[in-house]
Amino acid sequence: MPELPEVETVANGVDQRVRGDVIESVWLGSKPEPFKTGAAEMADALTGRRIERVYRVGKHIVFDLSVDEGGEPQWIVHLGMTGRLLVSAASVALPAHTHAILRLASGREVRFVDPRRFGRLAIQWRAAESGFQGTGREPLTISIEEFTKLFRGRKTSIKAALLNQKLLQGVGNIYADESLFRAGIRPTRRAGRLTREQSGRLHGAVQEVLKHAIQLGGSSVSDYVDADGVKGFFQLEHRVYLRGGEPCLVCGTAIRRMVLGGRGTHYCPTCQK
DNA sequence: CATTTCACCTGGTGGC
DNA sequence: TGCCACCAGGTGAAAT
């Protein structure tokens with residue numbers, strides 16, 4: 001489900017609701033644990049801490065927690081495809097597939113819900129000043145020059161390169177397709193073969209699409225919701241994603257669907273060269 | 001290394 | 001209504 005705009009929306013919503021709250025107790029589901037860190041270590045690191053701040057890094061949600069003599073932990077949440085992070089009153093019924101609950105001093109709960117269990121939870125101990133940085137560059141702040149440099153010499157498709165979180169972190173399947181459409185570039189184009197001008201257009205398109213999507217609260221394709229359970233609206237702005245066979249909104253040509261790097265890929269054969 | 005393929009899961013949808 | 005094939009926002013391990 002969640003790419004940069006959805007993760008940003010969720011992180012901001014959670015931050016508004018739980019910043020300053022204290023984690024009184026923790027429940028972690030059993031069986032196939034969607035955890036990187038062991039459950040015992042995680043519960044131990046979280047219990048008793050104050051939530052200082054919640055924010056997004058790439059597609060990760062980062063909880064900065066209060067410091068004590070044991071160190072300064074960060075709780076890292078990755079939503080995978082279907083993960084949700086909800087803030088609810090304890091009295092609200094638990095959704096199916098709830099894997100983690102943080103019970104807060106305010107009486108509310110942070111709940112991690114994830115049917116497909118592709119999501120991941122982890123504790124990261126902050127080293128020196130840095131903290132969790134993610135795997136690649138942030139698409140919203142990277143310069144055109146740095147952006148262009150990312151793709152230099154790469155033989156893979158530009159679509160696969162956009163999805164590579166070690167290069168740019170936060171762009172996923174929807175926003176890769178939508179950005180390439182707006183930049184007029186075929187998803188199959190070799191990443192290292194983009195002209196300077198195309199690379200500049202793509203940089204602009206990626207930032208524009210992501211910012212617009214954040215303003216609209218992300219894309220709700222099937223079940224994505226923010227921390228309050230509210231849907232986003234950017235799906236109404238999709239020009240190619242999931243529109244295979246339908247007419248291009250610019251030129252009327254049928255949008256084509258193909259599989260690239262194992263992902264459904266949508267583009268206009270006329271508008272994208 | 002860079003790149004590609006596939007497994008990991010559950011649930012919704014559309015065809016028959 | 002039921003069954004089945006196929007598709008879905010992501011990633012990391014394994015193979016090439």
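Please read all numbers here as calculations on a predicted model, not as lab measurements. Numbers restart at 1 for each chain; the letters A, B, ... are given by sequence-line order, proteins then strands.
Considering only the side chain of A:Arg154, B:dA2 comes nearest among B:dT10, C:dA8, B:dA2. Listed candidates were C:dA8, B:dT3, B:dT10. Nearest to the side chain of A:Arg117 is B:dT10. With B:dT10, C:dG10, C:dA8 as the choices, the nucleotide that has an atom nearest any side-chain atom of A:His97 turns out to be B:dT10.
As a member of the Ile/Leu/Val/Met/Phe/Trp/Tyr network built from side-chain separations under 4.5 Å, A:Val22 groups with nothing else and remains a singleton. A:Leu163 forms part of no hydrophobic cluster, judged by ILVMFWY side-chain heavy-atom separations under 4.5 Å.
Pairing analysis of DNA chain C (Watson-Crick: purine N1 to pyrimidine N3 plus N6-O4 or O6-N4; G-U wobble: N1-O2 and O6-N3; both under 3.5 Å) yields stems of 3 or more pairs at B:2-8 with C:10-16, B:10-16 with C:2-8.
Using cut-offs of 30° and 60° on the angle between ring planes, the pair A:His60 and A:His78 is perpendicular.
Within residues 176-195 of chain A, no residue approaches DNA chain B, by heavy-atom distance under 4.0 Å.
Because its NZ or CZ atom is not both nearer than 6.0 Å to the ring centre of A:Phe118 and within 45° of the ring axis, A:Arg120 does not count as a cation-pi partner of that residue.
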Could you write out each protein N or O paired with an N or O of nucleotides 11-13 of chain C at a distance under 3.5 Å?
unit_1: C:dT11; atom_1: OP1; unit_2: A:His78; atom_2: NE2; d: 2.9
unit_1: C:dT11; atom_1: OP2; unit_2: A:Lys59; atom_2: NZ; d: 2.8

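Counting to the nearest Å, the C1' atom of B:dA2 and the CZ atom of A:Arg152 are 18 Å from each other. In this entry the distance linking CZ of A:Phe118 with C1' of B:dC8 reads 5 Å, nearest Å. The CD1 atom of A:Ile174 sits 11 Å away from the P atom of C:dA8 (whole-angstrom rounding).
Residues that satisfy the side-chain contact (heavy atoms from CB on, under 4.5 Å) test with A:Ser25, not counting sequence neighbours, are A:Arg103.
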